[in-house]
Every structure is written in structure tokens, then in C-alpha cells.
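Handing you a structure now.
Just the heavy atoms: all of them, side chains too, but no hydrogens, waters or symmetry mates, feed the values below. Just so we're on the same page: letters track the sequence lines, and every chain starts at 1.
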Number of protein chains: 2
Amino acid sequence: MEELTPRKERILSFIISSYVDSALPVGSRTIARRFGLGLSPATIRNEMSDLEEMGFISQPHTSAGRIPSDKGYRYYVNQLASRGSAPTEAIKKIGEEFRDKIRSLDELIERTSRILSSVTSEIGVVFYPHFGDLAFQHVELVSLGAGRLLSIWQTPSGIAENFIVDMGEPLGREDLGRITNFLNKELAGIPFSEMGALLERKRKEASDSLVRFYELALRLVRESVERTTSERFCFDGSSLLLEKPEFRDIEKTRHLFQALDDRKQFASVFRASSGGAGVRVFIGHETNCGELWDCSLIASRYFLKEVPAGSLGIIGPRRMPYDRLIPIVDCVSRHFADALERIL
Amino acid sequence: MEELTPRKERILSFIISSYVDSALPVGSRTIARRFGLGLSPATIRNEMSDLEEMGFISQPHTSAGRIPSDKGYRYYVNQLASRGSAPTEAIKKIGEEFRDKIRSLDELIERTSRILSSVTSEIGVVFYPHFGDLAFQHVELVSLGAGRLLSIWQTPSGIAENFIVDMGEPLGREDLGRITNFLNKELAGIPFSEMGALLERKRKEASDSLVRFYELALRLVRESVERTTSERFCFDGSSLLLEKPEFRDIEKTRHLFQALDDRKQFASVFRASSGGAGVRVFIGHETNCGELWDCSLIASRYFLKEVPAGSLGIIGPRRMPYDRLIPIVDCVSRHFADALERIL
DNA sequence: TTTAGCACTCTATTCCCAAGAGTGCCAGAA
DNA sequence: TTCTGGCACTCTTGGGAATAGAGTGCTAAA
């Protein structure tokens, strides 16, 4: 990205913060007046004309002020990254919210999305963690009768996930013990997501006496662990969107809500957006989702025992106070990861 | 509710179906023209004037046609109840949707809310079942290390729920066995929701050697089974609301979405609305929720082993094709209950 | 390089008017 | 008694036209 002169940068920055505040296009007059620098509107106009030509701002129509473009926001956000302050007010509130005892994963997820939306006044989104990349250590099977099992999968660090599985055929106590031992021996240390493939491979080479074990094990894995790849998430605060002036237009808003309703599509947008570590920001068309052209995403990946496990963040209009919201999402993300490890 | 003459009833019914179709106030002229009966607009006007005085219809303003009132819809819906047909088209589709294998409770809930909204074009809502009224039969405890337990609770009919609980203190294998036996003996046959109170009572009279067991048991119950009373639900299709002409007004719609965002409040509205068996309809102010004055609820309670366990339904504008939607909600409710028993 | 001035453009608001839809009421017909 | 045609009245809706206001681009001078 090209560099801007300090003056252009200040003007761009002013346009952004003013527009973020008011949702109104910003004119040269306003800038000259509320801008420390002793410059006349005419000078500002020349600078703005340059900025427009370079693509950082645009005009809704000929006789309106300027509004920031994707590129303008992007430049601003990149500048921000180097500084990165944190609003102590919000940080304190977040800390308090997470201090309450949270007892289940569901509660944590719902709670966190609520916190995100209440602190930022945007839509808060939290994805359920997936465990695929964690290493397996130990499984326990409990019979529930009629061929149904409860399987409890643990990692070396003590994280546990469990599933009810219908095995189709009833299994005796003895069988159960054997399968348990078999799984614990065969799969120790393997990441959950690779169990299926591994069992598949081994089954082909297995002696006849073991084939049945491999098949039962495979069924168990398929019906339980492999389910976690599904992309569940929870979001909260959609009514906040309707308060923003850019969503006064029903048609526009409807399309946006359609995108949110299509959970599959939305999950893929969000997931794509949160590769890499740390907080990442996706502005307007950067989301790669047509309906979200006037929205931005601030997403953060969270980790479980150093392994990426899911993401969370907020979604709102492009016109966002990025300087305030980026550190907030980061802060919530850390608290969430902590709380997650405490629960699992 | 007072009786209407057959002619008034036919007119009311026509006004409702026309208004449901078009969202436009209905005038006497329209009725006279598209109404089999050879009556002049003037006659119809007189009848309408009566209906208005009786409170079944109202005028948005002096020179507009009439629209149905809560009372009008209510009369219509009550009439419907006696007939109760079912749209085979939709029934077939619902059956197909439920035929797919559904593997977890979460999946079933999300799926069902999606089906509800796609078949009815309204918002579909499904509450998670609560198990409080089911009888307890058997519990199993599995240690996860560091004082954390997985507890698996079963009913006589084989339904299982499980929870991870942090007991605060590590428990040896022997302790675990004792507590398991203790719980199974003390609580057999008790409904889940009454376990806490029962243990509390018994603890007071217990001999010193048993107090510790009661306390551990109480902690276990408090941290696990009693959580299920929380009112979780899932809904889908909120973008469909924005397509309806009555929600073109952003302010009005915002209030509605605020009500939906407040999950606690919404849960209580919905739950209050679904007392009793069978499908129940709540029109406008009957929902007892200010923000929902222009909405209706069609709710059905579902059962688990003959015990009411939760509810599901749809929410949309008052202007709803009740005749079509009531049987649909009923149908989904039945399929859901079946699927639920298959899963748990 | 900056500034002041000026003509120009486009939006948003207001007001007015006419068209249209629907009603209520009354007097007369069935 | 019940129904109908006619008529005056009311109220919303939509389409200009006029106006005010905001903001720009350009040019010439400091």
C-alpha cells in the first residue's frame, strides 16, 4: 500500500472518525473548522481530491462530502496496528463478566457472544471449538443399553468430549472392555481428525480376528468424534444492527439477515476470515461475501492448548470504531480461551 | 364469545383471508365483487359497520377498508379448530426432512427450527427439552481427573443426559463407587427436578457418617441436573420477517428484534404461551408482550415418554394463514417428538 | 503552495394539488 | 324489514415545483 503524506493521513483519519461518529459524509468546511491545522477549506478540498483519486475516499454524489472507502478504512486500520491501545473501561467490564462461574460449554459460548455484543454494540459471534487437532489419549465407553454407548474422549491435558452413539448391535460387557482397550492402544497420541483415516488404513491390513474390532472402532469414531467438524456457532445482538443509520433501508438489511440466516455460508465467511493468529479485520468486500459489502468483521482465532480451535468476533457496519473495537475483541478472545480451558 | 350470523361470519372470514393475502385493508366494494353472494357494497358496508362495532375488525383511518382485529382473528381461529384440515404437500415435505439420519440433540433442534421456518416462511423456534419431570433410574460416574467427573443420568426408558462437573476435591475410585451406589439407592424413581430438595431434607436428618455423602451428592446434583431448567432455545428465519410488508417500518421491527434478542424474556413469553396440550395460538396482545402486539405465536408442547418436556412453534405477523400453519406446527411437533425419543 | 471567490450541481424538504379509495347516511325500492 | 343506489365527505397517496442548503471544482491572485 502506498504511503500518504502526514497531512493527507491526518485528513483521512479525521474523515474516518467523523464519519464513524455521525454516519454523515464529511465536507471540507467541517474539516477546516474542527481541525487544529490552520488550513482553508480550499486547501483541504485539494487534498481530498487527491485522496479520492487515490481511492481512499469517495463521494456518494457530486454535492456531498466524502466518505471513507474500503481502502481508506484499511489504511487507517493498518496504521492502528502499530499503536494498539486498549480502553480500560471496557477491559474491566469484560473481566467482571468472565469472573462469574460458568458451568457448561453452551453457557460459555452464549455468554461470550452476549458480552461481545453488549460491549461493542455490534453483533457478537462465537464458534464452538473443534477438537480435531488435539491429540487423543484415552477413551472410556459406558453402555446405555440397546446397543447405545456413551463414549468419553480425553486428551493428555484432561480435556474431555463425549458422545452418545448408536452402535446398531448390542455389545456385552466383555466386548466393551476389549474395544476400549483396543482403541486406547491403537489410537494413543493420534489427533482426533485423523483417527478415521488411520483405522481405515489399518483395517485393510488387519488379520481376520481383528477386522471386527476395526469395524466397530471405525463406526464409533465416525458417529462421534468426526461430528465435531460441523461448524456450530452462536450469535447475539442482531437488533443492534437495526439501530445503525446505514441499515434504515429494509431491502439492504434483509439481504444481510439472509446471509446471517444461512448458517453454512456465514460460517464459511467467518472461518475464512480468521486464518492466522491474532485479531484480523475484514472490511467491506474483503469479507468475500456479496451481502456483506457494507459490513466489517473483526475476528480472532482462539487456541486450546496451543492448538487453534475456533474463532470469535463481531460483525457490524463498515463504519466501525476500529481503534476501540479491535483491542476489545482481542481481550474477549483471551478471556474466552482461559474460561474454555477451565471448563473442558 | 358471542355468535355471529352466518353472513357476518362469511364476511369476516373473507376479510381475513383477503387481508392475509395482500396486507391491504379490505373495502366493501372488493368484497361485493369477489364474493359469491349477490349483495351490494352498501349492504356489506352495513354488516361491516356492525362487525366493527362488535370489535372484530377496525379501520386504520376513516377512508380505508377494514382489517381484522385480535378478536376477529381469534373468532376465525376458533372456528377453524372444529374443522382442522392438513395440507398434504407440506406434510410430505416435513416427513422427508425428518427421514434423514439426525445424530445429536443439537442437530435435531437446529434442524427442526430450520424446517419450521422453511415450511411456514415464519420464524421457527424450538426449545431444548428439559428432563426435570422424568423419573431418575440410574447414574454412572466417570472420573476425568483433578476432581472432575462425568455424570451420566438415565431414566427407566433409557433416556440419558450427561454433565461434566467439577467437584472441587479429587475423589478416589473407592469414593466414586460409594457415591454412585448411594445415589442409585437414594434417588431411584425420583423426578430429576426434585432431587435437590429431597437430598437437602434427608441431609438434615442423616447420621454423621452419611452427611458427607449427602453433601457430595447435593453438589453433584446442583452442578449438573439442575442446570437443565435453564431455558435454551434455537430459532431460525428472522430474515423472513423483513420480507413482510408490516415490517417495513424499521422502528417497529427493531423493537421486535430486541424482544427476540432478549432470550430470557422471549423464553418466558413462549413458555407461558404453550401451557396445555396440543397446538395453541396466541394472537397480538394475547402474547402478553408489548413488542409482540403485531405478532402471533403458534406453539405446541412436545412430550417425552408422556411427560411434557418442551415446546416449539413459529412466530410471525398477526396476518398469518392460520388455517394452513396450525396443522403444520402440529405435524412438525409430532415428528420432532418421535425423533427426540430415537436420539436420547 | 495556499487562498478567496464564484458558478454549478445535486439532495432534501416543503407545499400544493389532484386522483382515488372508501365510508356513512339517506331516501326509496323490494 | 331488508336491501340498494346515490351522494357528499374524509383521508391517504403520489406527483410535481419551488426552495434552501451543502459541497464541490475551477480560476486567478497572494
*Looking only at heavy atoms, which two atoms of B/P317 and B/E122 are closest? And how far apart?*
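Heavy atoms only, the tightest pair is CD-OE1, 3.3 Å.
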
_On DNA chain D, compare the nucleotides closest to B/I44 and A/V26; which residue's is nearer the 5' end?_
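Counting from the 5' end, the first nearest nucleotide belongs to B/I44.
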
_Can you confirm whether A/F56 sits close enough to A/K8 that some side-chain heavy atom of one is under 4.5 Å from a side-chain heavy atom of the other?_
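The answer is no; the side chains never approach within 4.5 Å.
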
*Measure the distance from CD on B/E53 to P on C/dC25 and round it to the nearest whole Å.*
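Spelled out: CD on B/E53 to P on C/dC25 is 10 Å.
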
*asked:* What is the distance, to the nearest angstrom, from the CD1 atom on A/I67 to the P atom on D/dG23?
replied: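 In whole Å, D/dG23 P lies 14 Å from A/I67 CD1.
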
_With a 4.0 Å limit, can you tell me whether B/S28 has a side-chain N or O closer than that to the phosphate oxygens OP1/OP2 of C/dT23?_
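Yes, because at least one side-chain N or O of B/S28 sits under 4.0 Å from OP1 or OP2 of C/dT23.
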
*is_close_aromatic(B/F127, B/F235), centroid dist under 6.0 Å*: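 Centroid distance B/F127-B/F235: not below 6.0 Å, so no.
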
*Kindly check if the number of other-residue, nucleotide or ligand heavy atoms within 6.0 Å of CD (A/E89) is above 12?*
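No, because the 6.0 Å sphere around CD of A/E89 holds 12 heavy atoms or fewer from other groups.
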
Under 3.5 Å, which protein N or O atoms sit close to an N or O of nucleotides 25-30 of chain D? Give each pair with its distance.
| unit_1 | atom_1 | unit_2 | atom_2 | d |
| --- | --- | --- | --- | --- |
| D/dG25 | OP1 | A/R66 | NH2 | 3.2 |
| D/dG25 | N7 | A/R45 | NE | 3.2 |
| D/dG25 | O6 | A/R45 | NH2 | 3.2 |

*May I have the distance from A/H61 (atom NE2) to D/dT24 (atom C1'), rounded to whole angstrom?*
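Those two atoms, NE2 and C1', are 11 Å apart.
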
*Whether over 12 other heavy atoms sit under 6.0 Å from B/R263 CZ*: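 Enclosed.
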
*Let me know the distance between CG of A/L51 and C1' of D/dT24, rounded to the nearest Å.*
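It is 15 Å, rounded to the nearest whole Å.
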
*A/R248 has an atom CZ; how far is it from atom P of C/dA12, in whole Å?*
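Spelled out: CZ on A/R248 to P on C/dA12 is 13 Å.
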
_Rounded interatomic separation in angstrom, taking CD from A/E47 and C1' from C/dT1_ =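 So the two atoms are 10 Å apart, to the nearest Å.
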
*Option passing ring-ring contact (aromatic ring centres under 6.0 Å, His included) with A/Y322 (candidates A/Y75, A/Y73, A/Y76, A/F282)*: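 Single ring-ring contact (aromatic ring centres under 6.0 Å, His included) partner of A/Y322 among A/Y75, A/Y73, A/Y76, A/F282: A/Y73.
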
*Under 4.0 Å between a side-chain N/O of B/S63 and OP1 or OP2 of C/dG22, yes or no?*
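Looking at the OP1 and OP2 atoms of C/dG22, neither is under 4.0 Å from any side-chain N or O of B/S63.
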
_Minimum side-chain heavy-atom gap A/T43-A/S40 below 4.5 Å_ =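 Heavy-atom side-chain distance check passes, below 4.5 Å.
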
*asked:* Please report the distance, rounded to the nearest Å, between CD1 in B/I15 and P in C/dG22.
replied: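 These atoms are roughly 12 Å apart.
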
*Take atom CG of A/L24 and atom P of D/dG21, then tell me their distance rounded to the nearest Å.*
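Taking atom P of D/dG21 as the reference, CG of A/L24 is at 16 Å.
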
*If you look at every strand shown and take non-hydrogen atoms under 4.0 Å, does B/T43 touch a base, only sugar-phosphate, or nothing?*
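Result for B/T43 = base.
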
